[in-house]
**Q** 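So that we are looking at the same thing, I have put the structure below in structure tokens.
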Amino acid sequence: MKKYWLMLAVFLLIGAAGGCGRMEEPPGEHSPRLFGATYMTRNNPYFDVLHEAMEEVVEGNGDILISRDPSQDQEKQNAQIEEMIEEGIEVLFLNPVDWEKVKPALEACRAAGVVVINIDTVVKDTDYVVSIVETDNYLAGVLCAQDMMRRVDSAKIVVIGNPIQTSIENRVQGFLDTIEGNDNYQVVYTGVGAGEFEVSADVVADFLKTRVEFNVVLGGNDPTALGVLAALQQYRRDKDVLIYGIDGSPDFKGMLELGYVTGTSAQSPKTIGEVAAQIAYDYLNGKEVEPYISIEPYMITRENLDDYEINGWQ
């Protein structure tokens, strides 16, 4: 971008000095293209890292990336996507609030000729998107279940998920399928935490009033698991409870170092962002792109925490 504006200023000065009329754009000069991005929320630092990774690629190509935060409101997200279409975006990086109710925005993108790259959470109507880039969320849940089964021979489990978010639901399903058929591992409560710290803390605080016994909690992502931890600590119920998250966030790894949580199935927002941005450019340049790209997660526990940067994302 700096190079573009510097060259533009030079040509304007030359035109003014020579008494020329309207300046013609030099052959080969790059006109910045406009890209859009929207995430279900920016209340989760995970999406900040993902956005920065895409922004680096887009700006490195001399283009512009704008973004919107619908704050977990699908109607608001749909309206914001319409606004970005009106602003002239060519590509939309989409992380939907609700995998089904985002369809009107997908239809608007198709009508306007906007390329949609679906990131992190899969939409229901996948025929509207060029490519999907996400973590293997099912495997992320499997890894948490396998770690739990190595640690305890039996468990009464609390699951805090989010039905409208396919990434979290796939994680939960991977966990449940892994323990299926083994009566030693039973789910005693399932709650909806919206993928957010505060909501999950409130949900678990209400659950604790039932006095149902449990010794394992699966949070659909790290903010959910940390919200669970906060509620358990407030009510002094955190002793001898295994707490699992999914993300590999710095905050969770910090709690892992202190021994307050058990493990997180880590994903890489940096990788997702870089891959999604490159897919967009490949498609714009006429290359064939993969319709679905899955990135493998891995388990981070206190035993292998030294192998990872605690204060950063993968």
Side-chain angles (χ1 to χ4, degrees), residues 1 3-4 27-40 46-47 49-68 77-78 81-82 84-100 102-140 165-167 169-171 174 267-298 313-314:
M1 283 294 294
K3 178 180 178 183
Y4 170 78
E29 183 65 27
H30 176 71
S31 295
R33 291 178 289 194
L34 189 62
F35 293 68
T38 177
Y39 314 94
M40 64 181 69
Y46 169 89
F47 292 113
V49 177
L50 195 160
H51 180 80
E52 289 166 6
M54 293 194 303
E55 189 174 51
E56 185 174 348
V57 175
V58 171
E59 292 186 351
N61 280 276
D63 297 320
I64 301 168
L65 177 63
I66 61 174
S67 67
R68 296 290 188 274
Q77 186 175 54
N78 289 347
I81 291 171
E82 292 271 11
M84 289 191 286
I85 291 172
E86 292 176 4
E87 290 182 46
I89 60 170
E90 295 183 42
V91 174
L92 176 68
F93 298 106
L94 172 63
N95 169 252
V97 175
D98 185 307
W99 77 309
E100 292 184 292
V102 73
K103 186 175 181 178
L106 293 170
E107 292 173 334
C109 286
R110 173 171 288 182
V114 173
V115 175
V116 179
I117 308 296
N118 186 191
I119 52 175
D120 183 71
T121 299
V122 178
V123 300
K124 182 176 182 179
D125 299 287
T126 56
D127 55 319
Y128 285 90
V129 307
V130 166
S131 184
I132 299 163
V133 183
E134 67 165 354
T135 302
D136 186 337
N137 289 296
Y138 184 89
L139 177 58
Q165 188 177 340
T166 54
S167 57
E169 284 304 282
N170 287 339
R171 296 165 188 173
Q267 55 181 341
S268 173
K270 291 180 181 179
T271 301
I272 292 174
E274 291 167 357
V275 171
Q278 189 56 56
I279 287 289
Y281 279 104
D282 286 347
Y283 185 83
L284 291 175
N285 292 329
K287 296 181 181 179
E288 187 174 340
V289 299
E290 292 290 335
Y292 180 77
I293 297 173
S294 176
I295 299 168
E296 189 169 328
Y298 44 92
W313 288 85
Q314 294 69 236

**Q** Ignoring hydrogens, what is the shortest heavy-atom contact between Asn95 and Met40? Give both atom names and the distance.
**A** OD1-N, 2.9 Å
**Q** From Thr135 OG1 over to Ile272 CD1, what is the distance, rounded to the nearest 0.5 angstrom?
**A** 3.5 Å
**Q** Considering non-hydrogen atoms only, spot the tightest contact between Gln77 and Val97 and give its length.
**A**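 Scanning both residues, the minimum pair turns out to be OE1-N, 3.0 Å.
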**Q** Quick one: pull up CG in Asn137 and CD1 in Ile295 and give me the separation to the nearest 0.5 Å.
**A** 10.5 Å
**Q** For the CD atom on Glu296, are there more than 12 heavy atoms of other groups (residues, nucleotides or ligands in this structure) within a distance under 6.0 Å?
**A** no
**Q** Verify whether one side chain among Asp282 and Gln278 offers a donor that lies under 3.5 Å from an acceptor in the other.
**A**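 The answer is yes; a qualifying pair exists.
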**Q** Please round to the nearest 0.5 Å and tell me the distance separating atom CG of Leu50 and atom CH2 of Trp313.
**A** 9.5 Å
**Q** For Arg33, does its backbone N or O pair with a side-chain atom of Asp63 as donor and acceptor, under 3.5 Å?
**A** yes
**Q** As an exercise, state the distance from OH of Tyr298 to CG of Leu139, rounded to the nearest 0.5 Å.
**A**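 CG of Leu139 is found 12.5 Å from OH of Tyr298.
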**Q** Going by the rule side chain to side chain donor-acceptor pair (under 3.5 Å), which residues pair with Thr166 if we only count those two or more places apart in sequence or in a different chain?
**A**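 Testing Thr166 for side chain to side chain donor-acceptor pair (under 3.5 Å), a comparison that skips the adjacent residues, returns none.
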**Q** Minimum heavy-atom separation for Leu94 to Asn118, with atom names?
**A**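 Closest pair (atom of Leu94, atom of Asn118, distance): O-ND2, 3.1 Å.
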**Q** Using side-chain heavy atoms (C-beta onward) and a distance below 4.5 Å, is Phe93 in contact with Val133?
**A** no
**Q** Could I get the full list of side chain to side chain contact (heavy atoms under 4.5 Å, CB included) partners for Glu100, not counting sequence neighbours?
**A** Asp98, Lys124
**Q** Report yes if the side chains of Ser268 and Val49 come closer than 4.5 Å at any heavy-atom pair, otherwise no.
**A** no
**Q** Using a 6.0 Å cut-off, check whether atom CD of Glu90 has over 12 heavy atoms from anything other than its own residue.
**A**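 More than 12 within 6.0 Å, yes.
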**Q** Should Pro291 and Ile132 count as side-chain neighbours, where that means a heavy-atom distance under 4.5 Å?
**A**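 Counting from C-beta outward, Pro291 and Ile132 never come under 4.5 Å.
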**Q** Side chains of Val102 and Asn78, heavy atoms from C-beta outward: is any pair under 4.5 Å?
**A** yes
**Q** Which atoms form the tightest heavy-atom contact between Cys109 and Ile81, and what is the distance?
**A**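 In terms of heavy atoms, the two residues are closest at SG-CG2, 3.8 Å.
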**Q** Do Tyr292 and Glu134 touch side chain to side chain, with heavy atoms closer than 4.5 Å?
**A**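 The answer is yes; the side chains approach within 4.5 Å.
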**Q** Please check if atom OH in Tyr283 has more than 12 non-hydrogen atoms from other residues, nucleotides or ligands closer than 6.0 Å.
**A**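 Count not over threshold, so no.
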**Q** Closest approach of Leu65 and Gly36, non-hydrogen atoms and distance?
**A** CD1-C, 3.9 Å
**Q** To the nearest 0.5 angstrom, please state how far the CZ atom of Arg171 sits from the CD atom of Gln165.
**A**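 Atom-to-atom, Arg171:CZ and Gln165:CD are 6.5 Å apart.
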**Q** In this structure, which one of Leu284, Ile279, Ile117 forms a side chain to side chain contact (heavy atoms under 4.5 Å, CB included) with Val289?
**A** Ile279
**Q** Hey, are the side chains of Val114 and Met84 touching, using non-hydrogen atoms and a 4.5 Å cut-off?
**A** no
**Q** Tyr39 versus Ile119: any side-chain heavy-atom pair under 4.5 Å?
**A** yes
**Q** Measuring from Ile66:CD1 to Glu87:CD, what's the distance to the nearest 0.5 Å?
**A** 4.0 Å
**Q** Looking only at non-hydrogen atoms, find the nearest pair between Gln267 and Pro269 and report the distance.
**A** O-CD, 3.5 Å
**Q** Do Phe35 and Val57 touch side chain to side chain, with heavy atoms closer than 4.5 Å?
**A**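 No - every pair of side-chain heavy atoms lies 4.5 Å or more apart.
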**Q** Are more than 12 heavy atoms from other residues, nucleotides or ligands located less than 6.0 Å from atom CD of Glu288?
**A** no
